[in-house]
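To keep things clear, I will list the structure first and then write my remarks on it.
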Amino acid sequence: MGLVVQKYGGSSVADAEGIKRVAKRVVDAKRNGNQVVVVVSAMGDTTDELIDLAEQVSPIPAGREFDMLLTAGERISMALLAMAIKNLGHEAQSFTGSQAGVITDSVHNKARIIDVTPGRIRTSIDEGNIAIVAGFQGVSQEGKNITTLGRGGSDTTAVALAAALDAEVCEIYTDVDGVFTADPRVVKKAKKIDWISFEDMLELAASGSKVLLHRCVEYARRYNIPIHVRSSFSGLRGTWVSNEPQGDQKVEHAIISGVAHDVSEAKVTVVGVPDKPGEAAAIFRAIANAEVNIDMVVQNVSAASTGLTDISFTLPKAEGRKAIDALERAKGSIGFESLRYDDQIAKISLVGAGMKTNPGVTADFFEALSDAGVNIELISTSEIRISVVTRADDVNEAVRAVHTAFGLDSDSDEAVVYGGTGR
Ligand code: ASP
Ligand code: MG
């Protein structure tokens, strides 16, 4: 008998009908002879609504209480799903993250899982139950406080439980049929990927692809847990993410896996920086001390006449204020002229391990953008990725142009988005 961990996202359990539909799927997996552990997200946009509510009572909701509030969303889904399963004549028990043994560090709102002790889950499934676990939450090892894992964290809960229970597979059910060669909300001709490596999936996730969270893929790779991303709305086979393709899993696009885009970043330009050793260090130390994570960095050649240069970097929009404040405070000691902040940018990335050994990928990428009339503002690369920053207004057109140029378009409009408000 195999052990399967299934995770259902918020759009799959958005209402009572959704919960009943998911209950049927879960029961099917159990009937097929598996032990089944299910991880659920909060119903629909519940998490966002709880955040709105918190902000109405306090401008800066406190970490501990904020986490306590947000975990309520997943508790609602887990209890309702257990009831729906019982109604179908099967035994189910629901567990909070803490009861399921998800132990985290103490960083409220973005805690990391440091251990999973799923004793109660093991007992429950060995007794013949279907175990339902609230995603996105745990309990801190030090203070025994309730924590949350950061937005979208239920995927990580699922993979962590799959690893701790030595599951055969972690199935992630979402509102699209799998991982696509581009966001199907933007590219109608995006193709479903049959199999993708952890390596490429990690780069796609880091580049803004939202179908799987970076942390979840990282976890799956570390413990070598194959992930099957699929839709809870269709019966279709989805995308397998693993080290190596197994059985009939097809590797379709040898060179490029896909195009990702990200509109959540902003660009900061530090203007008039003296071109001498220690300046970049001072700038990025100030940013680091403010606990801001940066992404791309570009320094211009300095003008010989002035000996001054500009340094640009990108960062999450949400951290923009913190970074600007930190730099303003350090302006005197660093000695630059001014700061520019631009949040009307987008990042477009092309990902694929095949580009390591294929010349011309960069040239083709830039040509596709230029043919589409898209101006490039920043460039960064890794061994298996090329990213550019463009104007936010150009993003959809740029993604489609690159997708077509690399032959990724499918012959049919197979990319279906079944649910979710995209919030
Ligand atoms: N409910 C949480 C969120 O919306 C966690 C999750 O969906 O994975 O971020
Ligand atoms: Mg959600």
Side-chain angles (χ1 to χ4, degrees), residues 5-15 18-19 22 37-55 61 63 65-81 94-98 100 102 104 107-113 116 132-139 146-163 170-176 179 185 201 205 208-220 225 227-233 238 241 262 264 316-318 417-423:
V5 174
Q6 300 188 325
K7 179 258 167 177
Y8 293 91
S11 51
S12 298
V13 292
D15 50 21
I19 288 175
V22 165
V37 176
V38 181
V39 174
V40 280
S41 290
M43 296 170 70
D45 289 333
T46 301
T47 307
D48 292 285
E49 287 156 14
L50 291 172
I51 292 171
D52 290 349
L53 203 53
E55 285 169 355
E65 306 314 323
F66 198 39
D67 275 352
M68 197 60 112
L69 175 73
L70 295 192
T71 56
E74 270 68 13
R75 293 182 184 215
I76 293 172
S77 331
M78 74 179 192
L80 290 173
L81 181 58
S94 62
F95 299 90
T96 65
S98 166
V102 179
T104 72
V107 185
H108 282 294
N109 307 334
K110 51 176 178 193
R112 268 183 183 275
I113 297 176
V116 182
I132 319 287
V133 180
F136 165 66
Q137 55 183 274
V139 59
I146 297 300
T147 53
T148 61
L149 309 177
R151 296 309 306 272
S154 300
D155 290 2
T156 314
T157 305
V159 170
L161 273 172
C170 180
E171 296 185 330
I172 307 248
Y173 285 89
T174 179
D175 52 7
V176 287
V179 180
R185 290 176 173 83
M201 194 62 235
S209 160
K210 285 188 259 318
V211 59
L212 283 181
L213 228 67
H214 190 268
R215 220 181 240 191
C216 148
V217 186
E218 218 174 35
Y219 210 105
I225 301 293
I227 300 179
H228 186 186
V229 187
R230 55 198 305 196
S231 167
S232 66
F233 297 82
V241 190
D262 189 352
S264 70
K317 276 180 194 163
V417 179
Y418 296 94
T421 56
R423 193 172 165 179

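Order of appearance sets the numbers: ligands from 1, and atoms from 1 within every ligand. Residue numbers start at 1 and run along the sequence shown.
The shortest non-hydrogen separation linking D15 to G18 is OD1-N, 2.8 Å.
Heavy-atom proximity to R151, at under 4.0 Å, picks out these atoms of ligand 1: 3 (C), 4 (O), 9 (O).
Atom CZ of R112 has 12 or fewer heavy atoms from other residues, nucleotides or ligands within 6.0 Å.
Partner of L149 under the side-chain contact (heavy atoms from CB on, under 4.5 Å) criterion, chosen from L213, I113, V107: I113.
Put simply, no part of G9 is less than 4.0 Å from ligand 1, judged by heavy atoms.
When the side-chain hydrogen bond (donor to acceptor under 3.5 Å, both in side chains) test is applied to T104, the partners found at least two apart in sequence or on another chain are T147.
Ligand 1 has a nitrogen or oxygen under 3.5 angstrom from a nitrogen or oxygen of E74. Taking distance alone, with nitrogen or oxygen atoms compared against 3.5 Å, G152 approaches ligand 1 more closely than that limit.
Looking at D155, its side chain never comes within 3.5 Å of a backbone N or O of C216 through a donor-acceptor pair.
Of the heavy atoms in S41, only side-chain atoms (C-beta onward) come closer than 4.0 Å to ligand 1.
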